[in-house]
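Beneath this line is the structure, given in structure tokens, with notes to follow.
Ligands are counted one by one from 1 in listed order, and the atoms in each one are counted from 1 as well.
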Amino acid sequence: MKNLLLVVSGPSGVGKGTIVDRLLESGNYALSVSCTTRKKRVGEVDGKSYFFISREKFLKTIEEGGFLEYSEHFENYYGTPRAFVEEQLASHDVILEIEPNGALQAKKSYPDAVLIMIVAPEGAQRQRLKDRGTESDEEIERRIKRADYELSKKDLYDYILVNDDLDECVARLENIIKELKRI
Ligand code: ADP
Ligand code: 5GP
């Protein structure tokens with residue numbers, strides 16, 4: 001069975017991280033840890049949530065070709081370390097949790113990459129961001145505004161999943177993956 005590069009996107013607060021955490025519980029997947037120049041949030045761990053690096057180091061890594069994809073949003077850079085993904089794909093399905101610009105770059109490098117967009121039921125995004133409690137009201141509004149951009153790219157994705165009931169959404173995604181691995 002071939003290993004899959006699973007690229008998960010969707011507006012901030014729709015539940016991507018929660019869904020990916022559920023997939024990881026099986027031990028069958030390798031999660032790519034991205035590099036970012038943004039500040040660490042409370043509770044985040046360097047090397048686990050992200051590799052928190054300086055702008056200088058990020059720009060140097062771009063020059064060296066060290067990112068499989070990268071993009072700049074929310075005034076910070078975010079990128080996927082190329083070496084980790086290439087190594088892990090030899091033995092695992094690999095998950096990237098990245099935004100659409102990066103997802104499309106990943107698809108160019110890996111045409112077999114599976115692009116999955118998670119969306120929230122109408123009106124749920126703001127409440128979920130509030131419940132998460134990790135951003136200021138101002139930052140929440142910025143993330144909600146950016147949702148239009150993310151959603152405008154949804155037709156480029158292979159699968160769109162509505163994260164209404166979490167268990168159901170995870171089960172649907174697991175079924176999609178199972179089917180793809182059978183092909
Ligand atoms: P993202 O990674 O997309 O930014 P998170 O996974 O951090 O989003 O989820 C945002 C918030 O929504 C968290 O507090 C999470 O517990 C909650 N959440 C995730 N999925 C659901 C769901 N299906 N129903 C209700 N709340 C959810
Ligand atoms: P956050 O700041 O909430 O952790 O992430 C903001 C956005 O950056 C999310 O849409 C997330 O998917 C995206 N992101 C995280 N890592 C990467 C990455 O390596 N590359 C790209 N292009 N986007 C990323």
Qualifying residue, where the test is side-chain contact (heavy atoms from CB on, under 4.5 Å) with Asp21 and the options are Leu23, Ile19, Leu24: Leu24
Are Asn175 and Glu179 close enough that a side-chain donor and a side-chain acceptor fall under 3.5 Å? no
Do me a favour and list the nearest non-hydrogen protein atom to [atom] with residue, atom name and distance?
atom: atom 6 (O) of ligand 1; answer: Thr18 OG1, 2.5 Å
atom: atom 20 (N) of ligand 2; answer: Glu69 OE2, 2.7 Å
atom: atom 13 (C) of ligand 2; answer: His73 NE2, 3.5 Å
atom: atom 19 (O) of ligand 2; answer: Ser34 OG, 2.6 Å
atom: atom 11 (C) of ligand 2; answer: Glu97 O, 4.1 Å

Under a 4.0 Å N-O cut-off, is there an ion pair linking Glu44 with Arg38? yes
With the threshold set at 4.0 Å, does a side-chain nitrogen-carboxylate oxygen contact exist between Arg55 and Glu72? yes
Would Tyr50 count as a contact of ligand 2 if the rule is a heavy atom under 4.0 Å away? yes
So, 4.0 Å and heavy atoms of Thr80: is ligand 2 close enough to count as a contact? yes
Test your reading of the structure: does Asp131 have an N or O sitting under 3.5 Å from an N or O of ligand 1? no
Backbone, side chain, both or neither: what part of Arg38 comes under 4.0 angstrom of ligand 2, heavy atoms only? side chain
For Tyr50 and Phe52, take the angle between the two ring planes, folded into 0 to 90°, and tell me which bin it lands in: parallel under 30, tilted 30 to 60, perpendicular over 60. perpendicular
With the 4.5 Å side-chain cut-off for hydrophobic clustering, are Val14 and Tyr149 part of the same group? no
Between Asp167, Asp164, Leu129, Asn163, flag the one that comes closest to atom 20 (N) of ligand 1 by a heavy atom. Asn163
Enumerate the atoms of ligand 1 whose separation from the nearest heavy atom of Leu166 is less than 4.0 angstrom. 23 (N)
Show which atoms of ligand 1 fall inside a sub-4.0 Å distance from at least one heavy-atom site of Glu97. 2 (O)
Ligand-side contact atoms (ligand 2) for residue partner Arg41, heavy atom cut-off under 4.0 Å: 1 (P), 2 (O), 3 (O), 4 (O)
